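Here is the structure we will look at, set down as structure tokens.
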Amino acid sequence: MKNIIICGAPGSGKGTQSKLLIDKYKLMHLSTGDMLRKEIAENTALGKVAKTYIDKGHLIPDELMINIIENILENLDKENVKGILLDGFPRTLAQAEAFEKMMDKHNEETDLLVGLQVDEDELINRLLLRGKESGRSDDNIDTIKERLEVYKNQTKPISQFYDKKGKLVKVDGTGNIEDIFERISKAIDKKK
Ligand code: AMP
């Protein structure tokens with residue numbers, strides 16, 4: 001299997017690029033943000049818990065997220081899944097460490113972490129625009145600022161974690177969508 005993590009600050013284009021990448025590389029899209037938003041829309045017990053964190057711009061506790069991913073890996077149909085594109089997970093060092101242990105257990109490995117690079121002013125503009133267009137409840141200025149802080153303090157360190165394993169590729173996440181997609185595709189193809 002080919003397993004890729006796409007990582008970047010909120011608004012860096014992870015979701016947009018993921019949709020293109022899963023098509024091209026026939027990967028299973030695993031977006032924890034989408035999963036949680038679906039739980040919230042369906043008003044499930046998990047959704048109710050998740051909402052209290054998401055609305056504040058905070059992360060859902062590691063243990064909860066790790067259990068969700070572990071469950072998915074346990075039930076993976078390996079015959080038919082060519083690889084996973086992880087979008088939004090791992091998001092903390094504890095999640096990354098737990099994820100690598102799980103992957104080992106399943107005789108799988110992370111091939112690459114694509115780190116999308118976008119500067120903060122552009123991230124804020126993109127997120128405010130998305131908030132207007134999609135009405136995502138966490139795309140308002142206060143929550144955006146909190147999410148950017150959380151990203152810097154808790155998520156960014158996972159880049160170093162994968163860099164030490166020789167698996168980090170930084171990709172310029174600015175410009176038009178097709179150009180960014182081409183940059184990411186090149187990075188993935190180079191790893192093959
Ligand atoms: P995203 O759509 O990836 O930006 O995620 C939206 C929100 O969902 C985040 O701000 C977090 O509150 C929550 N979330 C998504 N993935 C994770 C994760 N791996 N760990 C903790 N919280 C997460």
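Bear in mind that the values here come from a model prediction, so they are computed numbers and not experimental data. Indexing begins at 1, ligand by ligand and atom by atom, following the structure's order.
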Problem - Pair listing, side-chain hydrogen bond (donor to acceptor under 3.5 Å, both in side chains) test, anchored in residues 1-14, at least two apart - result: Asn3-Glu108
Practice task
May I ask you to check whether Asp138 has an N/O atom sitting below 3.5 Å from an N/O atom of ligand 1?
Solution key: no
Handout entry: Presence of salt bridge, Glu109 and Lys165, under 4.0 angstrom
Key = no
Handout entry: For atom 1 (P) of ligand 1, closest protein heavy-atom neighbour
Key = Arg91 NH2, 3.5 Å
Practice task
Check each heavy atom of Leu36 against ligand 1 and say whether those closer than 4.0 Å belong to the side chain, the backbone, both or neither.
Solution key: side chain
Problem - Element-labelled atoms of ligand 1 that are located less than 4.0 Å from some non-hydrogen atom of Arg37 - result: 2 (O), 6 (C)
Problem - Close-contact set for ligand 1 against Gly88 heavy atoms, below 4.0 Å - result: 16 (N), 17 (C), 18 (C), 19 (N)
Handout entry: Protein contact to atom 16 (N) of ligand 1 [nearest heavy atom, distance to 0.1 Å]
Key = Thr32 OG1, 2.8 Å
Exercise for the section: Look at atom CD of Glu63 and say whether more than 12 heavy atoms of other residues, nucleotides or ligands are closer to it than 6.0 Å. Expected result: no
Problem - Atom indices of ligand 1, in the order listed, that fall short of 4.0 Å to a heavy atom of Gln95 - result: 18 (C), 19 (N), 20 (N), 21 (C)
Problem - Cation over ring face, Lys19 and Phe181, 6.0 Å, 45° - result: no
Handout entry: Cationic N near anionic O, under 4.0 Å, Lys152 to Glu120
Key = yes
Problem - Asn176: side chain to side chain donor-acceptor pair (under 3.5 Å) partners, not counting sequence neighbours - result: Asp179
Practice task
Enumerate the atoms of ligand 1 whose separation from the nearest heavy atom of Phe89 is less than 4.0 angstrom.
Solution key: 19 (N)
Exercise for the section: Give the residue, atom name and distance (to 0.1 Å) of the protein heavy atom nearest atom 22 (N) of ligand 1. Expected result: Ile60 N, 3.0 Å
Handout entry: atom 12 (O) of ligand 1 - nearest protein heavy atom and its distance
Key = His58 O, 2.6 Å
Completion exercise
So the atoms of ligand 1 within less than 4.0 Å of a heavy atom of Ile54 turn out to be 7 (C), 8 (O), 12 (O), 13 (C)
Handout entry: Linked, directly or transitively: Phe89 and Leu76 (ILVMFWY side chains, under 4.5 Å)
Key = yes
Exercise for the section: Would you kindly specify which portion of Arg136 sits under 4.0 Å from ligand 1, judged on non-hydrogen atoms: side chain, backbone, both or neither? Expected result: side chain
Handout entry: Residues Lys101 and Glu97 bridged, charged N to O under 4.0 Å
Key = no
